[in-house]
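Below: one structure, written as C-alpha cells.
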Amino acid sequence: MTAKLPDGSALELGEGATGADAAAAIGPRLASDALAVKVDGELCDLSAPLPDGAEIEIVTPGSEPEALWLLRHDAAHVMATAVLDLWPGTKVSIGPPIEDGFYYDFEFPDGFRPSEADLERIEERMAAHIEADEPFERAEASADEAIERFGSEGQPYKVELIEDLKADEGVETVSLYRNGPFLDLCRGPHGPSTGRIKAFKLSSVAGAYWRGDEARQMLTRIYGTAFFSKRELEEHLERLAEARARDHRRLGPELGLFTLRPESPGMPFWLPQGTVLLRLIEGRVREQLAARGYVEIKTPQVLDEELWRRSGHWDNFREEMFFTEAAHRERGADRRFALKPMNCPGACLVYASERRSYRDLPLRLAEFGLVSRNEREGVLHGLLRVRAFTQDDGHVYCTPDQITEEVESICEAIDELYARFGFEQVRVELSTRPDKSIGSDEQWGRAESALREVLERQHRDYEVSPGEGTFYGPKIDFHITDALGRSWQCGTCQLDFQFPERFDLAYQGADNAEHRPVMIHRALLGSMERFVGILIEHHAGRFPVWLAPVQAVVLPVADRHGGYAAEVAAELAEAGVRCRVDARSESVGKKIHDAEVAKCPYMLVVGDREQDARAASVRSHEEGDLGQMAIGGLAAHLAAAAS
RNA sequence: GCCGGCGUAGCUCAGCUGGUAGAGCACUUCACUCGUAAUGAAGGGGUCCCCGGUUCGAAUCCGGGCGCCGGCUCCA
C-alpha cells in the first residue's frame with residue numbers, strides 16, 4: 001500500500017501499516033516525535049491502520065494547533081485518572097481541551113469539593129502517571145456494552161452521553177481509551193502515551209452545570225493547562241502574570257480613573273482623571289460624527305413602561321431591565337417607568353417628532369447614551385461587564401437604496417477611529433439570519449447582500465457567523481486585538497427592519513406617498529466604559545501622551561521655585577498641555593517617584609538653574625532625562641509628542 | 001441566579017487552637033528646602049462587611065444576608 005505525504009511524494013508501506021509505521025519509515029526522529037497522524041485531513045491515532053492511498057501528515061509537537069489540542073486532551077484524561085486515584089467513586093463527565101488549556105468536570109462523592117490546595121495533590125498524582133509513561137490504548141465496544149459497563153461502575157454521566165449518542169446520532173459502536181487504570185469514553189484521538197506531557201499546571205476550581213444547563217446538576221470543574229516544554233509553560237504563566245499586572249480593576253482606581261463601590265454594584269464612579277479620559281475619547285468619536293453628517297441628540301434616562309412593551313424589550317429583555325418602584329399617578333392612570341437599556345426607542349421618538357421627507361434622509365442621529373441593564377450579579381467584571389454604561393450610539397434612518405453607502409461610511413468611521421487609538425489589527429465578523437427572526441426573506445436577502453457588498457468592496461477579510469445575527473437584522477461586528485493578543489468586540493453595525501415597523505416610522509417620498517425607512521444601529525467603540533478598560537490594559541496604564549489625563553507635572557526643586565513653577569504650568573496650559581504643579585515640600589526624588597508611579601508622561605524639574613534660564617529640565621516616563629529645554633520649545637515639544 | 005474562594009484602617013496585608021486589634025503606604029502636624037524613583041519625627045484613623053445564634057467571653061465557631069474574586073456554549 002502507499003500513502004501520500006504533504007510534499008507530494010508517495011511512501012510505500014506494508015499491508016495494514018499504521019501512522020506509527022509511516023513515521024518510522026520516514027525517519028527515527030519523526031517516529032519518536034510523532035503524536036498522531038492526519039489522514040485525509042482528519043486527526044487519527046498513530047496506532048490506527050492507514051487506508052491505502054491516503055494523504056497523511058504526521059503530527060508532532062510543532063504542529064499547530066492540533067498538537068497542543070491533543071496534548072491537553074491527554075492531560076485531561078491524566079487529571080481524571082489522578083482524581084479517581086485520590087477520590088474513588090468520583091463520577092466523571094467530560095474533559096475537553098480548550099483555548100489555553102483543558103478542564104474536566106467531576107461530581108465528587110459525598111458532596112466533597114476540592115479546594116485549591118487539593119490541586120497540588122492532584123498534580124502530584126498526575127506527575128506519577130506521566131512519569132510512568134502509560135500508553136493510551138484505544139478499544140471499541142457496542143453502545144449497549146459500554147452503557148452496561150459504565151452503569152455498573154457508577155458512571156451515570158457516561159451512560160447518559162452514550163444513550164444520547166445512540167438516540168440522536170444512531171451510534172452503535174463507541175470508542176474507549178485506557179491510560180493506566182483509567183478507562184474513559186472518548187472519541188479520541190490521543191497521543192501515544194502520558195509521558196509526552198512535559199509540563200502542566202492545574203489552575204482553578206469552578207462550578208459548571210452538567211451540559212451547561214442551569215436546571216441540571218452542578219459539577220466541579222478543574223481547569224489546567226499543558227505544554228510540550230517547561231519553557232512554554234513558564235511563558236504562559238508569565239503572560240498570565242502580565243495580564244494580572246495590567247488588570248484595569250487595579251490600575252483604574254490606582255491611577256485615579258474610576259472607582260467601584262458596593263453601593264452601586266457594576267456602575268462605575270468616574271474620578272476626575274478618568275472623566276478627562278472619557279472626554280478625550282468622546283472628542284475622537286465626535287471628530288467622526290462631524291465628518292460624517294451626524295447630529296447629536298440626548299434622550300431621557302427613564303421612559304414609560306408602555307414604550308418598552310412597544311419596542312419589544314419587555315418581551316425579550318425584561319429580566320435585565322430596571323423599573324421604577326413608585327407608581328406615578330398621572331392622568332388618572334398608574335404609570336410605571338423603566339431605565340433605558342438601549343437608546344434606540346428614544347432615537348425613534350426623535351425621528352417621529354416631526355414629519356420626515358425623503359429629502360431629510362439619511363438622518364443620522366448620534367447619542368452618547370447612558371444605558372442601564374440589570375446584569376446578573378455573577379457576570380459583573382470591572383469596566384468590562386457593567387450595569388450602566390455609555391454607548392457611543394448612532395441610529396441612521398435611510399431609504400433601502402442608501403443602505404450600502406451608509407454601512408460603508410460606518411465601516412470607514414470605525415477604521416479611522418481605531419487607527420487613531422493605535423489598534424491596527426481589526427477582525428470583522430458578519431452575522432447572518434438566525435432561526436428566530438422577523439422580516440421577509442426578501443428583506444433579509446437584500447440586507448445581507450448589502451453588508452456583504454460593502455465588505456467585499458472594501459476588500460476586507462471577514463468571517464461569517466451563520467445564524468448569529470440579531471432577530472431584527474444581520475450585523476457586522478468589529479473586534480480589536482490588544483497588546484496581549486486578546487480580542488475585544490467593540491464596534492457594531494446592525495440593520496433593522498423591525499423598529500421602523502413597531503414605531504410606525506415613515507417618510508414622504510418623491511412620489512408623495514408614505515414609505516418606511518430602514519434603520520441602522522451602530523456603535524463605533526461600543527461601551528465607553530468598556531473601551532477605557534481595554535485601553536488601560538492595552539497600555540498597562542501608560543497612556544500615550546495625547547490620552548494621558550495629566551501630560552506633565554512641574555516639580556519645583558525647593559519651595560522658593562513655586563512661583564516660577566506656576567508660571568511654567570500656566571504657559572504650558574496656554575499651549576494646551578494638561579499639566580499640574582507638585583508644590584509639596586518634598587524632595588525632588590519623592591516627587592519624581594510619585595509622578596512615575598502615576599505614569600505621568602513628562603516631569604519638568606525647575607530649580608535655580610532653570611529659573612535663570614527661563615527653562616525646565618525634562619524627564620520623560622518613556623525615555624528618562626532629556627535635559628534642559630526653554631519654555632517655548634517645551635510647549636512645542638509636548639504638543640508634538642501629543643499628536 | 002448557581003458552584004467555589006474571599007471580606008480586618010483610604011490601600012496592601014499580619015493577627016496560632018475563642019480572651020475586646022497591628023505593620024507598611026496614604027492622611028494631618030512639625031522640622032528639613034532638598035537636583036531625577038520614597039527626608040525624618042510625632043499624630044489621627046477600626047461597628048474586624050451586616051444581622052442573628054453558640055459561649056462567661058466572638059474578628060476568630062455556626063446560620064442567614066450583602067459585596068468582591070474565579071468560573072458556569074465548548075457536547076464522548
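By convention in this document, chain letters (A, B, ...) are assigned in the order of the sequence lines, proteins followed by strands, and residues within each chain are numbered from 1.
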What nucleotide among [options] has an atom nearest to a side-chain atom of [X]?
X: R560(A); options: rG1(B), rA37(B), rU33(B); answer: rU33(B)
X: E596(A); options: rU33(B), rA37(B), rG67(B); answer: rA37(B)
X: S617(A); options: rG35(B), rC75(B), rC32(B); answer: rG35(B)
X: S204(A); options: rG67(B), rA38(B), rG70(B); answer: rG70(B)
X: M218(A); options: rA37(B), rC3(B), rC72(B); answer: rC3(B)

Can you classify the ring geometry of [X] versus [Y] as parallel (below 30°), tilted (30 to 60°) or perpendicular (above 60°)?
X: H381(A); Y: H248(A); value: tilted
X: F227(A); Y: H236(A); value: tilted
X: H77(A); Y: F136(A); value: perpendicular
X: F106(A); Y: Y104(A); value: parallel

(request) Sort out for me which residue in I536(A), L277(A), T275(A) forms a side chain to side chain contact (heavy atoms under 4.5 Å, CB included) with F258(A). (result) I536(A)

Given the [atom1] atoms of [N] and [M], what is the spacing between them in whole Å?
N: rU54(B); M: rA59(B); atom1: P; result: 16 Å
N: rG45(B); M: rC11(B); atom1: C1'; result: 14 Å
N: rA58(B); M: rU20(B); atom1: P; result: 11 Å
N: rC56(B); M: rG46(B); atom1: P; result: 31 Å
N: rC3(B); M: rU60(B); atom1: C1'; result: 26 Å
N: rU17(B); M: rC66(B); atom1: P; result: 29 Å
N: rG19(B); M: rG57(B); atom1: P; result: 14 Å
N: rG35(B); M: rU29(B); atom1: C1'; result: 27 Å

Measure from [atom1] on [X] to [atom2] on [N] and round the result to the nearest Å.
X: D247(A); N: rU12(B); atom1: CG; atom2: C1'; result: 15 Å
X: M267(A); N: rC68(B); atom1: CE; atom2: P; result: 11 Å
X: F258(A); N: rC11(B); atom1: CZ; atom2: P; result: 15 Å
X: E107(A); N: rC72(B); atom1: CD; atom2: C1'; result: 16 Å
X: D608(A); N: rU33(B); atom1: CG; atom2: C1'; result: 11 Å
X: Y103(A); N: rC75(B); atom1: OH; atom2: C1'; result: 8 Å
X: F269(A); N: rC68(B); atom1: CZ; atom2: C1'; result: 15 Å

(request) Could you tell me whether the side chains of S465(A) and E429(A) share a donor-acceptor contact shorter than 3.5 Å? (result) yes

(message) Hydrogens and angles aside, do D85(A) and H129(A) bring a side-chain donor and acceptor to less than 3.5 Å of each other?
(response) yes

If you look at every strand shown and take non-hydrogen atoms under 4.0 Å, does [X] touch a base, only sugar-phosphate, or nothing?
X: T220(A); value: nothing
X: K591(A); value: nothing
X: Y223(A); value: sugar-phosphate
X: R221(A); value: sugar-phosphate
X: D184(A); value: nothing
X: G589(A); value: sugar-phosphate
X: V379(A); value: base
X: V588(A); value: sugar-phosphate
X: H381(A); value: sugar-phosphate

When you measure from the side-chain N and O atoms of [X] to the phosphate of [N], is any distance below 4.0 Å, counting only OP1 and OP2?
X: K590(A); N: rC32(B); value: no
X: R187(A); N: rC75(B); value: no
X: R261(A); N: rG10(B); value: no
X: Y104(A); N: rC75(B); value: no

Taking pairing as Watson-Crick or G-U wobble with both contacts under 3.5 Å, can you name the mate of [N], or confirm there isn't one?
N: rC72(B); result: rG1(B)
N: rG10(B); result: rC25(B)
N: rC56(B); result: rG19(B)
N: rC34(B); result: none

(request) Could you check R249(A) against L161(A) and say which one's nearest nucleotide on RNA chain B is further toward the 5' end? (result) R249(A)

(request) Nearest-nucleotide wise, let me know which of E586(A) and D625(A) is further upstream toward the 5' end of RNA chain B. (result) D625(A)

(message) If we ignore hydrogens and angles and just use 3.5 Å, is the side chain of T432(A) paired with the main-chain N or O of G467(A) as donor and acceptor?
(response) yes

(message) Tell me if the side-chain of Y209(A) makes a donor-acceptor pair with the base of rG1(B), cut-off 3.5 Å, by modelled atom types.
(response) yes

(message) Between the base of rG35(B) and the side chain of E610(A), is one N or O donor paired with an acceptor at under 3.5 angstrom?
(response) yes

(message) Side chains of M603(A) and E596(A), heavy atoms from C-beta outward: is any pair under 4.5 Å?
(response) yes

